[in-house]
Amino acid sequence: MDLNLSDEQRLLRESAERFVAESYDADHRRKMANDPLGFSPAVWKQFAELGWLALPIPEEFEGLGGGAVEIGILMEAFGRGLVSEPYVATVVLGASLIDKCGSTAQKQARLPKVADGSLKLAFAHSERAARFDLAIVATVAHKTAQGWRLAGSKIAVLDGLAADEIIVSAHIHDHKGPSGRIGLFLVPAKTPSVVITDYERLGGGRACNIELSGVELPEDALLGDGHDALPAIEWAVDRAMAALGAEAVGIMQTLLDTTLEYTKIRKQFGRPLSANQVIRHRLADMVMQVDEARSMALRAALKADSPPVERARAASGAKAKIGKCARFVGEQSIQLHGGMGVTEELEVGAYFKRLVAFDTLFGGSAHHYSRHAQLGRTA
């Protein structure tokens, strides 16, 4: 198997890394942390101009037709700069679900707007009782004469406050009662009876909890034809985990580079820290963990369109392994920087916080080790 990047992929990586290096510094991140939206609309517009928002969207809907590997290349560069724009929520999750489940009319109405940056999306699926089990959904959508009525609550919705439209999962109840199917519903963010409680995410970015109290929606709010959306949700979340894994690799690589440079400069007893053999061993362990994480992230991206069990095992394996590697690299980086590693004066602390947040998104390492094992028995 040839794992070398194509010319187009190399150009994408170079342009993304150059943009992030020039646009994202400590001052910019502090400014975004104090912004109510948590990101810069001007930078989002630049993403659209560079074609990044159109990257995975099919060409027939004004996209570029890219795949999970291209998304991973972009997300690794985003990790290096701790980018806080709602790329995963809008492009990796929202646009993918619309492309996977939506009717032709729904796709034509939304995907070109995602590509040009005029429409931001969020995906509201997680619930408190689910404990990361994607099949557990207590939110209910009742069929009415006018359309649908939604009731329930969602937690940890990535960038929900910034979204123009929120894709909400709910169990469909038709005139016969519970159907046993999960549906996806397009809910405008300004819809009455939608209460959004926004909060800052650890390591940057925003998330929110959403309360839906008898939300009235038209007939065409249902995404697609009403078939069970659980397979599509699992597919989209697996792709999101692959993308987030690539972002974590970018963060880990930055921590490694920063720590290596620091140990060369910082002197103790008249010698650089890097001259100490024990420190060298710890740095070598960090390098190994970063390389292992990069391999797992790439494998998850390459398997993104494989059969469900194979794809899911690759995604859960990557999430579990990268989470473990990320914690090791983050902790070593903090320790090798000494007490300053956890202060706001150094960027190391901010990168470590983002890695801690990564380990909890869509389930931690323990959850995905268990899922990986269960899928193995299924296979």
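- Within a 6.0 Å sphere centred on CZ of Arg149, other residues, nucleotides and ligands contribute 12 heavy atoms or fewer.
- For the pair Phe185 and Ile167, the minimum side-chain heavy-atom distance is 4.5 Å or more.
- No hydrogens or angles considered: a donor-acceptor pair under 3.5 Å links the side chains of His368 and Ser316.
- When every heavy atom of Cys101 is checked against every heavy atom of Leu184, the shortest pair comes out as SG-CD1, 4.1 Å.
- Trp44 has its side chain within reach of Pro86: a pair of non-hydrogen atoms, C-beta onward, lies under 4.5 Å apart.
- Side-chain atoms of Gln146 and Glu216 form no donor-acceptor pair, as typed in the model, at a separation below 3.5 Å.
- In this structure, Leu82 CG and Arg29 CZ are separated by 5.0 Å, a value rounded to the nearest 0.5 Å.
- Connection of Phe132 to Leu134 is not established within any shared hydrophobic cluster, with ILVMFWY side chains joined at heavy-atom distances below 4.5 Å, either directly or through further cluster members.
- Put simply, the side chain of Ser84 gets close to the backbone of Gly38: a donor and an acceptor are under 3.5 Å apart.
- Panel note: side chain Ser96, backbone Leu93; no donor-acceptor pair is recorded below 3.5 Å.
- Side-chain N or O atoms of Asp174 include none that pairs as donor or acceptor with a backbone N or O of His142 at under 3.5 Å.
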### Task
Take Leu202 and Val356 through the side-chain contact (heavy atoms from CB on, under 4.5 Å) test and state the conclusion after the steps.
CA-CA 8 Å; Leu202 184 67; Val356 172; 3.8 Å; yes

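- Between Glu76 and Arg294 there is a salt bridge, with a side-chain nitrogen of the basic residue lying less than 4.0 Å from a carboxylate oxygen of the acidic one.
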### Task
Apply ring pair (Phe, Tyr, Trp, His ring centres under 6.0 Å) to the pair Phe47 and Phe78, showing each step before the final yes or no.
CA-CA 12 Å; Phe47 280 14; Phe78 287 174; 5.2 Å; yes

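- Checked against a 6.0 Å centroid threshold, the rings of Tyr87 and Trp52 do not count as neighbours.
- Applying the 6.0 Å contact sphere to NZ of Lys107 captures more than 12 heavy atoms from other residues, nucleotides or ligands.
- For Glu49, the CD atom sits in a packed shell: over 12 heavy atoms of surrounding residues, nucleotides or ligands are nearer than 6.0 Å.
- Cys325 and Glu292 get closest at one heavy-atom pair: SG-OE1, 4.3 Å.
- Between atom CD1 of residue Ile210 and atom CG of residue Leu150 there is a gap of 11.0 Å, rounded to the nearest 0.5 Å.
- In this structure Arg181 satisfies the salt bridge (charged side-chain N to carboxylate O under 4.0 Å, His left out) test with no other residue, sequence neighbours excluded.
- Not one N or O on the side chain of Glu14 forms a donor-acceptor pair closer than 3.5 Å with the backbone of Leu11.
- The side-chain heavy atoms of Leu244 and Leu361, taken from C-beta on, include a pair separated by under 4.5 Å.
- The number of heavy atoms from other shown groups lying within 6.0 Å of CZ (Arg128) does not exceed 12.
- Using a 4.5 Å heavy-atom cutoff, the side chains of Thr263 and Leu283 are in contact.
- Between atom CD1 of residue Ile136 and atom OG of residue Ser126 there is a gap of 11.5 Å, rounded to the nearest 0.5 Å.
- The structure places NZ of Lys321 at 8.0 Å from CE of Met296, a figure rounded to the nearest 0.5 Å.
- The aromatic rings of His125 and Phe123 lie parallel to each other, their planes meeting at an angle below 30°, with 60° marking the opposite boundary.
- In this structure the side chain of Lys120 reaches within 4.5 angstrom of the side chain of Phe39, judged on heavy atoms.
- Using a 4.0 Å cut-off between charged side-chain N and carboxylate O, Asp35 and Arg30 make no salt bridge.
- In this model, a donor atom of one side chain and an acceptor atom of the other lie less than 3.5 Å apart for Lys154 and Ser169.
- A heavy-atom distance below 4.5 Å is not found between the side chains of Leu217 and Leu186.
- The pair Asp359-Lys324 does not count as a salt bridge, with every side-chain nitrogen at least 4.0 angstrom from each carboxylate oxygen.
- Within the structure, no pair that satisfies the salt bridge (Lys or Arg N to Asp or Glu O under 4.0 Å) test touches residues 82-96, not counting sequence neighbours.
- For Ser153 and Glu127, the side-chain atoms include no donor-acceptor pair closer than 3.5 Å.
- Using modelled atom types, one finds a donor on one side chain and an acceptor on the other under 3.5 Å when comparing Gln253 with Asp257.
- The nearest pair of heavy atoms linking Tyr351 to Arg80 is OH-O, 2.5 Å.
- Heavy atoms only, all atoms of each residue included: Asn276 and Val278 are closest at OD1-N, 2.9 Å.
- Although no hydrogens or angles enter the test, the distance criterion places a donor-acceptor pair under 3.5 Å between the side chain of Ser6 and the main chain of Gln9.
- Grouping the Ile, Leu, Val, Met, Phe, Trp and Tyr side chains by contacts below 4.5 angstrom, directly or via other members, places Ile322 with Leu302.
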### Task
Evaluate the criterion side-chain contact (heavy atoms from CB on, under 4.5 Å) for residue pair Val168 and Leu212; output intermediate values, then yes/no.
CA-CA 10 Å; Val168 178; Leu212 304 141; 3.8 Å; yes

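- The backbone N or O of Val114 lies less than 3.5 Å from no partner atom in the side chain of Ser118, so there is not a single donor-acceptor pair.
- The side-chain heavy atoms of Leu5 and Ile73, taken from C-beta on, include a pair separated by under 4.5 Å.
- Note: Met32 CE to Tyr24 OH = 8.5 Å, rounded to the nearest 0.5 Å.
- Lys143 has its side chain within reach of Trp148: a pair of non-hydrogen atoms, C-beta onward, lies under 4.5 Å apart.
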### side-chain contact (heavy atoms from CB on, under 4.5 Å) between Thr258 and Glu347, intermediate numbers included
CA-CA 9 Å; Thr258 303; Glu347 288 286 275; over 6 Å; no

### Task
In sequence, state the C-alpha distance, the side-chain angles, and the governing distance for Glu261 and Ile265, and then conclude on side-chain contact (heavy atoms from CB on, under 4.5 Å).
CA-CA 7 Å; Glu261 187 63 29; Ile265 297 171; 3.7 Å; yes

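- Between the side chains of Ser193 and Ser213, no donor-acceptor pair is found at a separation under 3.5 Å.
- Remark: side-chain polar atoms of Glu62 are not paired, donor with acceptor, to backbone N or O of Gln108 under 3.5 angstrom.
- Listed for the Gln332 side chain is no donor-acceptor partner under 3.5 Å among the backbone atoms of Met286.
- Leu255 CG to Leu336 CG: the interatomic distance, rounded to the nearest 0.5 Å, is 11.0 Å.
- A salt bridge does not link Arg206 to Asp159: none of the charged nitrogens lies less than 4.0 Å from a carboxylate oxygen.
- Linking Ile, Leu, Val, Met, Phe, Trp and Tyr whenever their side-chain heavy atoms come within less than 4.5 Å puts Val237 and Leu223 in one cluster.
- At least one donor-acceptor pair closer than 3.5 Å links the side chain of Ser15 to the backbone N or O of Leu12.
- Under the 4.5 Å side-chain heavy-atom criterion for ILVMFWY residues, no single connected hydrophobic cluster contains both Val249 and Leu74.
- A salt bridge links Arg311 with Asp238: the closest approach of a Lys/Arg side-chain nitrogen to an acidic carboxylate oxygen falls below 4.0 angstrom.
- In this structure, the side chain of Arg354 does not engage the main chain of Ile251 through any donor-acceptor pair within 3.5 Å.
- Cluster membership for Leu158 and Val195, using ILVMFWY side-chain heavy atoms within less than 4.5 angstrom, is not shared.
- Ionic pairing of Glu165 and Lys190 is not present here: no N-O contact between side-chain nitrogen and carboxylate oxygen is shorter than 4.0 angstrom.
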